[in-house]
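Okay, structure first, notes after.
One-based numbering along the sequence shown. We count ligands from 1, going down the list as the structure has it; atoms in each ligand are counted the same way. These values consider heavy atoms only, across backbone and side chains, with no hydrogens, waters or symmetry-generated copies.
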Amino acid sequence: MPVYNHQNIEKKWQKYWRRKNIFKAEDESSKPKFYCLDMFPYPSSYGLHVGHLRGYTISDIIAKKRLMEGYNVLHPMGWDAFGLPAENFALKTGVHPAITTQKAIKNIKKQLISSGLGYDWSREICSCSKDYYQWTQWMFLELYKAGLAYRKKAEVNFCPSCKTVLANEQVIDGKCERCQNIVSKKQLEQWFFKITDYAERLIDDLDKIDWPDRIKIMQRNWIGKSEGTEIIFQIPNSEFQIPVFTTRVDTLFGCTYIVIAPESSIIKQLKPKISNYKEVLDYTEKAKTKSETERLAEDKEKTGVEIKGIKAINPINNEEVPIFVADYVLTEYGTGAIMAVPAHDERDFLFAKKYNLSVKEVIQPVNSQTEFPEKAFEDDGVLINSGVFTGLSSFEAREKITQYLSEKKLGKKAVYYKLRDWLISRQRYWGAPIPMIFCPKCGWQAVAENDLPVLLPKIKDFKPGGEGESPLVKSKKFLQTKCPKCGGLAKRETDTMDTFVCSSWYYLAYAFWHKRKNQKGSILKEHKNLIKFWLPVDLYVGGAEHACLHLLYARFFVKALKDLGYIDFDEAFSKLFNQGTIYHEGAKMSKSRGNVVSPDEIFKKYGADTLRVYELFIGPADQACQWQDKGIIGSYRFLQKVWQLLDRFETQSKKMKTIETSLPIKKLLHKTIKQVTEDIESFKFNTAISSLMVLTNEMEKAEQLAVSDYELLIKLVAPFAPHLSEEIWQRLGHKASIFFENWPKYDKELVKEEKFIFIIQINGKIRDKVEIEKGISREKVEEIVFSREKTQKWIKDKEIKKIIFVPDKLINLVI
Ligand code: ANZ
Ligand code: ZN
């Protein structure tokens, strides 16, 4: 029998699947639906590497199994095509991003098809095409009309290398998520989405979805719900008050000064009373150049300036405390001011040490006496030096003191979130233009729905401006327009949208994309039924790096669209799976590190089926793993063996085909059906593959093998190695695709573990018997034996000198 010639066969089946629409979803069907989604890739000009393909293989295996299980499967694909990578590549090569992007899409699509991935291409979307971004713009207008999109001047993150502002989520440890350069701060007027309105629901609804805990925890922390107390500190002889937010109102008696953030408007308001105003102002100017992480870091030296001429009154004991301005307090969080308790907060402690401020202990650890602290004691404890509250636990005191303050109208319970509004303007060319117009008379006006899309003009010079000016400013034709309200001369917004806006709704588009007409109005309303039919997504597969980016933004969109009445679910992704990253030569596989392995070579040499098997045989699907060029041979050999088994049925006489499989092989086959079925459901593809390898080896050795049993093996292999399986299936005489066959069911009788009577001897005499399964390990047997009361009685407290173990027979304890 010749070796399996993947080169001819794989192409043949890829064509067949497309021609026969094998993987096309049905919009009307009595079958249960299954929506299996991959995070759509950005069309990199460098193509895909084998690391990218891992996630796509995972979702494809599940989708193919579901199809065989009788589901109506939607498994679509598209392109996250706007954004910096495409634009930067275009800048480097001098070719327009529209051209490079189309070229990249063509190449990647070829790679995906060559991998045997079964997508319904009739629903392909491309976020940079005008018929898609028209609706991205429409979504913007919907949010704008609902008051969820707004413009404000704020201190924003600016990446000097990407020359654009960024959202908070796109700044990782003070660095740009795209280029890893240090991000600076700038005062700019920008467009924001009011994601903070949804902070609470974004936390609460995490309970409704089956996502990895890791991702849920990251989102919870990012949203950062904090429950505490807002306390009012009055400024004597003035009507001014400074509200502070604390989670530790139990430490209020230990407050020895208060701090306001440098950006606080209170400073200006109090100007006439401040005796060192210039010094304060100089400090606030300097603070602007520091990043948030720098400001908050515990180990950085604290800086600040006392605001002289005014004091604040601690409402719990009417003590006067000094007021400082210091950059370790942020304007954007809580009230932008804090009560400082150096004895119990490390940052306050360091600050107090530096500026010689008093440290007053008010919390004592339970069961211990404190010495003079070298460090703040930050835990909960028992109150001391706290008037009538002395002796209470921190927990009780927080309730009681808050209540006391509320009665005096000087405090109340408060909840704050760390989450900030999502900054969506970008001063870059390759994005969806923000559909707004500025009229000198009427102010900001939304573009009329009927005038969408606002087309991205084809300009030659799309280099970003030095100071964060969108390149679109240079296109006079684009810039100058009429005010939708008064008809007078007006200017278009020249910023484009963050590409995470494009990806915040694409999973809805797949439900109806093949049915859309070039229409105006609401695409979501028109296709409400299809959205209802397909969504939510049953399985979403993609990278964990999106935890607080795409996965947070998309959740916000769903909630906003639900509130607007377009959809009727709270969460779009019922189940999420994050594939593990592939490492190569000691680093994460990536173009920038120069350690990528291209799938194209492997397609040629070993075939896509081999690659698919190896992608998952390499290690647990949710864990990082090392790519080894040599490792791929094992997967190749496995598929060759599956192929060679076919020989028996192609060359031997008809009579041979009726041969019965021996019982041990039959049992192994049914155990394998059970294991593969269950392993795929729990994403344990590697153990599923190894059990298929064991079965194939045993079948190879077996003298007798019924064709019907071989067919069961092929069905199990089909989701992993679809081309090979189709080819074998056809050669076995079947006319239809193997993916229209039913997924194998195991015979319950055949997978039953055999039990037998195991003998327990003490000093060679039979003292006990136990029924156990055949083939279980020594450790397991010992565990069972020693947990038996009867055995224990015989041993009592005597020392066991020796244990003799005869597998599947007996154990003898020598005492
Ligand atoms: C007094 C205090 C005493 C505090 C103590 C802590 C320990 P979460 O919400 O969990 O992060 N804080 C409040 N607003 C701030 C701001 N704008 N910038 C910087 N820090 C701010 O923690 C809330 C605590 O963070 C608050 O409780 C406040 O310090 C600080 F022994 O108030 B605490
Ligand atoms: Zn950057």
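- In terms of modelled atom types and a separation under 3.5 Å, the side chain of N314 and the main chain of F253 share no donor-acceptor contact.
- When ring centroids are compared, Y257 and F351 come within the 6.0 Å threshold.
- Relative to the ring axis of Y198, K559 does not place its NZ or CZ within 45° and under 6.0 Å from the centre.
- Of the candidates T246, L330, T335, I231, T246 brings a heavy atom nearest to atom 4 (C) of ligand 1.
- Listed by number with element, the atoms of ligand 1 under 4.0 angstrom from any heavy atom of M339 are 1 (C), 32 (O).
- Listed by number with element, the atoms of ligand 1 under 4.0 angstrom from any heavy atom of S226 are 8 (P), 9 (O), 10 (O).
- The ligand atoms of ligand 1 that sit less than 4.0 angstrom from a heavy atom of D345 are 4 (C), 5 (C), 6 (C), 7 (C), 31 (F).
- With contacts defined as side-chain heavy-atom distances shorter than 4.5 Å, the pair L551/M39 qualifies.
- Here is the list of ligand 1 atoms found below 4.0 Å of a heavy atom in V341: 3 (C).
- Aromatic rings from W422 and F500 are positioned such that their centres are separated by 6.0 Å or more.
- Below 4.0 Å from some heavy atom of Y328 lie the following atoms of ligand 1, by number and element: 19 (C).
- The heavy atom nearest to atom 12 (N) of ligand 1, out of those in I338, T251, D380, D327, is found in I338.
- Remark: the Y553 side chain and the S503 side chain contain no N/O donor-acceptor pair separated by less than 3.5 Å.
- The closest side-chain donor-acceptor pair between T247 and S226, if any, does not fall under 3.5 angstrom.
- Shown in contact with H344 at under 4.0 Å from a heavy atom are these atoms of ligand 1, numbered in order with element: 5 (C), 7 (C), 31 (F).
- Annotation: T247 places an N or O atom under 3.5 Å from an N or O atom of ligand 1; distance criterion only.
- Not a single N or O atom of R248, backbone or side chain, sits closer than 3.5 Å to an N or O atom of ligand 1.
- The ligand atoms of ligand 1 that sit less than 4.0 angstrom from a heavy atom of V329 are 16 (C), 17 (N), 18 (N), 19 (C).
- Heavy-atom proximity to K418, at under 4.0 Å, picks out these atoms of ligand 1: 8 (P), 9 (O), 11 (O).
- Here the CZ-CG distance, from R201 to D563, works out to 4.0 Å after rounding to the nearest 0.5 Å.
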